[in-house]
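FYI, the numbering just counts along the sequence from 1.
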Amino acid sequence: MQNEPTPLNIRHFLRLDDFSKEEILYVLDRAKYIKQKFKNFEPHMPMHDRTLAMIFEKASTRTRVSFEAGFYQMGGYVINLTSGDSQLGRSEPIEDTARVITRMVDLVMIRTFGQDRLEAFAKHSRVPVINGLTNEFHPCQILADILTFVENRGSIENKIVTWIGDENNMSYTWIQAAELLNFKVHFCAPENYQLKPERIAGVSPDHLKIFKDPYEACAGADLVTTDVWTSMGYEAENQERHKAFANFCVNQDMMNRAKPDALFMHCLPAHRGEEVTAEVIDGPQSVVWSEAENRMHVQKALMEFLLFGKQ
């Protein structure tokens with residue numbers, strides 16, 4: 001089999017700490033600029049004649065719309081692939097898919113299961129690859145969340161972000177963000193849904209504190225955030241998870257323990273009355289709709305940076 005070397009200067013975004021603190025701050029700053037242009041109906045089309053391939057092995061609403069709309073707005077073209085309508089669904093090795101697709105497009109976004117699958121694709125890619133979500137990490141969502149916080153409250157440095165929910169791709173990415181941008185995560189989950197020790201080895205107490213009581217975890221928080229109790233791929237555990245998380249629904253009493261100007265976030269979709277009450281998610285502290293919109297703006301800045309560097 002012919003194995004040609006891939007270009008050496010390609011940057012991928014497979015996990016948040018693929019970027020330095022300075023690079024993340026640049027992307028956030030650039031996203032604010034691009035968003036303002038969008039709001040002012042000013043064209044921003046650096047992707048003229050460029051093509052983005054999106055590969056979905058997991059279902060999506062926000063990821064697909066935000067990437068697709070954003071790339072079109074920047075003047076590019078988008079190809080949408082799923083396992084059902086590509087050779088990936090017929091057992092083609094993902095390495096072979098990468099070798100072929102990345103000779104025809106300029107960027108690839110993948111939403112898949114294991115991080116190892118994403119990394120295998122990137123290893124054989126000739127163009128930048130972006131993690132649209134894996135079981136292990138969700139870096140684009142955390143970029144959007146931080147952008148939303150910065151817009152509303154300024155720098156996230158030295159702040160407290162309370163995570164109420166299981167150890168999942170969001171919680172681990174929040175911890176990476178805390179280490180890079182110097183803030184603290186208060187993690188709170190039921191006993192059998194705690195962070196895996198091997199995945200947080202070496203994380204400083206300055207960046208992570210683990211709680212058993214969600215009310216205590218919310219005390220003094222600048223941001224309270226959560227996710228559905230049953231993520232994609234864990235549907236068989238749904239009943240068991242509902243029982244375990246019964247006392248972990250984010251309610252107004254929890255928000256009252258946080259700082260008076262604390263924000264509430266949720267990456268969506270949300271189940272009112274389960275992981276969060278309607279009073280909180282639809283209340284004045286909630287910024288979930290801006291958070292969802294900011295996926296598009298921050299991903300536009302991310303794609304621009306991966307292709308063209310700092311502008």
Inset, instruction - Before giving the answer on ring pair (Phe, Tyr, Trp, His ring centres under 6.0 Å), spell out for His242 and Trp229 the whole-Å C-alpha distance, their side-chain angles and the decisive distance to 0.1 Å. - result: CA-CA 7 Å; His242 274 64; Trp229 291 340; 5.4 Å; yes

Inset, instruction - Assess whether side-chain contact (heavy atoms from CB on, under 4.5 Å) is satisfied between Met255 and Cys218, documenting all intermediate values. - result: CA-CA 7 Å; Met255 294 302 298; Cys218 289; 6.0 Å; no

Inset, instruction - Kindly determine whether Asp261 and Asn152 satisfy side-chain contact (heavy atoms from CB on, under 4.5 Å), including the steps that lead there. - result: CA-CA 10 Å; Asp261 64 346; Asn152 285 275; over 6 Å; no

Inset, instruction - Output, in order, the C-alpha distance, side-chain angles, deciding distance and verdict of ring pair (Phe, Tyr, Trp, His ring centres under 6.0 Å) for Phe305 and Phe13. - result: CA-CA 11 Å; Phe305 177 68; Phe13 189 62; 9.3 Å; no

Inset, instruction - Any chance you could lay out the side chain to side chain donor-acceptor pair (under 3.5 Å) test for His44 and Glu304, step after step, and finish with the verdict? - result: CA-CA 11 Å; His44 181 71; Glu304 182 189 72; 2.8 Å; yes

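Stacking of Lys300 on the aromatic ring of Phe71 is not recorded, the 6.0 Å distance cut-off and the 45° axial limit not both being met.
The backbone N or O of Met45 lies less than 3.5 Å from no partner atom in the side chain of Gln73, so there is not a single donor-acceptor pair. Panel note: side chain Thr225, backbone Met265; a donor-acceptor pair is recorded below 3.5 Å. Side-chain atoms of Glu291 come within 3.5 Å of backbone N or O of His266 as a donor-acceptor pair. No donor-acceptor pair under 3.5 Å is formed between the side chain of Ser290 and the backbone N or O of Val287. Within the 3.5 Å criterion, the main-chain N or O of Phe121 finds no donor-acceptor partner in the side chain of Ser125. A distance-only check finds no donor-acceptor pair linking the side chain of Asp96 to the backbone of Glu92 [under 3.5 Å].
No chain of hydrophobic side-chain contacts below 4.5 Å, direct or via other Ile, Leu, Val, Met, Phe, Trp or Tyr residues, connects Phe56 to Tyr77. Under the 4.5 Å side-chain heavy-atom criterion for Ile, Leu, Val, Met, Phe, Trp and Tyr, Leu25 and Trp174 are members of the same hydrophobic cluster. Ile164 and Phe211 are members of different hydrophobic clusters when ILVMFWY side chains are connected at heavy-atom separations under 4.5 Å. Neither Met296 nor Met47 shares a network with the other; the hydrophobic side chains, linked directly or stepwise wherever heavy atoms of I, L, V, M, F, W or Y lie under 4.5 Å apart, form separate groups for each. In the hydrophobic clustering of this structure, Phe67 groups with Leu306; members are Ile, Leu, Val, Met, Phe, Trp, Tyr whose side-chain heavy atoms approach within less than 4.5 Å, directly or through other members.
Here the OG1-CD distance, from Thr277 to Glu279, works out to 5.5 Å after rounding to the nearest 0.5 Å. Taken from OH in Tyr215 to SG in Cys188, the straight-line distance is 11.0 Å, to the nearest 0.5 Å. One distance of note links CZ of Arg64 with CE of Met54; it measures 5.5 Å at 0.5 Å rounding. With rounding to the nearest 0.5 Å, the separation of OG1 in Thr97 from CD1 in Ile94 is 6.5 Å. Note: Asp227 CG to Gln141 CD = 8.5 Å, rounded to the nearest 0.5 Å. In this structure, OH on Tyr172 lies 14.0 Å from CD1 on Ile142, to the nearest 0.5 angstrom.
Shown here are the side chain to side chain donor-acceptor pair (under 3.5 Å) partners of His138, two or more places apart in sequence or in another chain: there are none. With sequence neighbours excluded, the residues forming a salt bridge (Lys or Arg N to Asp or Glu O under 4.0 Å) with Asp29 are Lys32, listed by chain and number. With sequence neighbours excluded, no residue satisfies salt bridge (Lys or Arg N to Asp or Glu O under 4.0 Å) with Lys37. Under the salt bridge (Lys or Arg N to Asp or Glu O under 4.0 Å) criterion, Arg257 pairs with no residue at all, not counting sequence neighbours.
In terms of heavy-atom proximity, Ile79 sits nearest to Val105 at CD1-CG1, 4.3 Å. Between Val298 and Val27, the shortest heavy-atom contact is O-CG1, 4.0 Å.
A side-chain donor-acceptor contact under 3.5 Å links Asn294 and Glu151. In the model, Glu275 has no side-chain atom that pairs as donor or acceptor with a side-chain atom of Thr226 under 3.5 Å.
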Please report, to 0.1 Å, the donor-acceptor pairs under 3.5 Å made by any side chain of residues 197-210, with sequence neighbours excluded.
residue: Arg199; atom: NH2; partner: Glu136; partner atom: O; Å: 3.3
residue: Ser204; atom: OG; partner: Asp206; partner atom: N; Å: 2.9
residue: His207; atom: NE2; partner: Asn182; partner atom: OD1; Å: 3.4

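Taking 4.0 Å as the cut-off between side-chain N and carboxylate O, Arg111 and Glu57 do not count as a salt-bridged pair. In this structure, Asp18 does not pair ionically with Arg11, as no charged nitrogen and carboxylate oxygen lie closer than 4.0 Å. The pair Asp17-Arg15 meets the salt-bridge criterion, with a side-chain N (NZ, NE, NH1 or NH2) lying under 4.0 Å from an Asp/Glu carboxylate O. A salt bridge is absent between Glu95 and Lys123: the closest approach of a Lys/Arg side-chain nitrogen to an acidic carboxylate oxygen does not fall below 4.0 angstrom. A salt bridge does not link Asp222 to Arg153: none of the charged side-chain nitrogens sits closer than 4.0 Å to a carboxylate oxygen.
Taking the side chain as every heavy atom from C-beta outward, Lys58 and Phe113 approach each other to under 4.5 Å.
Among pairs with a residue in residues 172-194, none fulfils salt bridge (Lys or Arg N to Asp or Glu O under 4.0 Å), at least two apart in sequence or across chains.
For CD of Gln239, the number of neighbouring non-hydrogen atoms (other residues, nucleotides, ligands) closer than 6.0 Å is 12 at most.
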